[in-house]
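Heads up, the thing below is written out as structure tokens.
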Amino acid sequence: MMERVNEILQDPLYRTCLSKIAFFERDRIFCGHDMAHFLDVARLAYLFNLEENLKLEKEEIYTAALLHDVGRFVQYEDGTPHQLASLPLAEKLMDRHGYTEEEKARILRAIENHRNREIRDEKSLTGILYRADKMSRSCFGCKAEKECDWSAEKKNLIIEY
Ligand SMILES: [Fe+2]
Ligand SMILES: [Fe+2]
């Protein structure tokens with residue numbers, strides 16, 4: 001059931017993207033885009049899925065979470081917003097590991113909108129990915145909280161999950 005997620009995890013293209021992100025973030029004091037973040041997002045989104053009884057596929061949720069920031073290094077390289085830069089990379093990885101057109105469409109839509117506040121209340125993969133991504137950040141324990149440009153409203157200053 002989680003077979004394709006684990007294949008992506010070991011895919012050389014995926015590992016290369018993660019290494020490039022880690023290189024650009026080596027001195028970053030703000031939130032990173034690493035495996036810990038992807039898994040925080042996956043597990044929060046899966047919790048929302050259970051609590052809200054959305055009955056989404058676990059593998060689809062984890063795939064979206066693992067891939068949503070995969071193009072972050074492109075944003076560091078040339079300024080392309082990473083919700084867009086991640087799309088071709090995510091699509092290529094899903095093609096390599098046998099995702100259906102329907103699965104790809106749902107996952108790509110969620111990735112593309114993970115910074116679009118307007119969809120935050122959607123009861124869908126797109127909605128839970130947005131909320132999990134924002135809630136994953138532990139601002140209450142962050143050394144850089146004062147310097148961070150997230151709005152006070154967006155920052156997580158109490159523990160909810
Ligand atoms: Fe992101
Ligand atoms: Fe993220």
Side-chain angles (χ1 to χ4, degrees), residues 2 5 8-9 11 13-49 52 54 56-94 103-122 124-145 147-161:
M2 292 287 273
V5 167
I8 289 176
L9 197 58
D11 189 299
L13 172 61
Y14 188 62
R15 308 310 296 196
T16 300
C17 292
L18 296 201
S19 308
K20 288 184 183 176
I21 298 169
F23 171 76
F24 282 109
E25 295 190 340
R26 64 199 182 283
D27 296 322
R28 185 179 162 91
I29 59 165
F30 302 109
C31 291
H33 301 81
D34 53 11
M35 190 53 65
H37 171 57
F38 304 152
L39 285 178
D40 283 344
V41 173
R43 290 167 179 151
L44 278 168
Y46 191 61
L47 272 176
F48 299 156
N49 172 57
E52 298 169 27
L54 302 181
L56 302 173
E57 286 293 334
K58 185 177 177 185
E59 195 179 36
E60 220 168 280
I61 294 170
Y62 273 70
T63 303
L66 238 56
L67 295 179
H68 79 284
D69 286 329
V70 74
R72 194 67 167 82
F73 69 93
V74 180
Q75 185 169 335
Y76 291 122
E77 283 171 351
D78 67 14
T80 308
H82 69 273
Q83 70 277 21
L84 300 180
S86 296
L87 296 175
L89 293 164
E91 184 163 24
K92 189 168 185 182
L93 284 162
M94 290 191 286
E103 289 171 321
K104 285 195 299 180
R106 282 191 294 269
I107 291 166
L108 292 173
R109 179 175 180 272
I111 294 173
E112 185 169 8
N113 285 286
H114 84 266
R115 301 170 80 195
N116 173 13
R117 199 170 191 290
E118 282 168 27
I119 52 74
R120 61 166 291 156
D121 296 323
E122 256 189 37
S124 66
L125 182 66
T126 302
I128 60 171
L129 185 72
Y130 179 94
R131 285 181 272 129
D133 187 41
K134 301 306 158 291
M135 194 166 279
S136 71
R137 300 312 198 175
S138 301
C139 311
F140 44 78
C142 177
K143 287 196 291 269
E145 191 262 309
E147 292 145 276
C148 171
D149 65 1
W150 270 26
S151 64
E153 173 206 11
K154 201 167 161 192
K155 279 180 186 164
N156 301 301
L157 298 174
I158 56 164
I159 294 173
E160 289 180 73
Y161 287 87

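Counting starts at 1 for both ligands and their atoms, in listed order.
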Handout entry: Derivation of the side-chain contact (heavy atoms from CB on, under 4.5 Å) call for Lys154 and Arg117
Key = CA-CA 11 Å; Lys154 201 167 161 192; Arg117 199 170 191 290; over 6 Å; no
Handout entry: N, O or S of His82 under 2.8 Å from the Fe ion (ligand 1)
Key = yes
Problem - CA sep, side-chain torsions, deciding dist, call: Leu9, Met35, side-chain contact (heavy atoms from CB on, under 4.5 Å) - result: CA-CA 10 Å; Leu9 197 58; Met35 190 53 65; 3.5 Å; yes
Handout entry: Name, closest N/O/S atom of Asp133 to the Fe ion (ligand 2)
Key = OD1
Exercise for the section: Please find the N/O/S atom of His68 nearest to the Fe ion (ligand 2) and write down its name. Expected result: NE2
Problem - Asp69: its N/O/S atom lying closest to the Fe ion (ligand 1) (atom name) - result: OD1
Handout entry: Cation-aromatic face contact Lys134/Tyr130, 6.0 Å, 45 degrees
Key = yes
Practice task
List the steps and the verdict of ring pair (Phe, Tyr, Trp, His ring centres under 6.0 Å) for Phe48 and Tyr161.
Solution key: CA-CA 10 Å; Phe48 299 156; Tyr161 287 87; 5.1 Å; yes
Exercise for the section: Decide whether Glu25 and Tyr76 meet the rule of one side-chain donor and one side-chain acceptor closer than 3.5 Å. Expected result: yes
Practice task
Examine His114 and say whether one of its N/O/S atoms is closer to the Fe ion (ligand 1) than 2.8 Å.
Solution key: yes
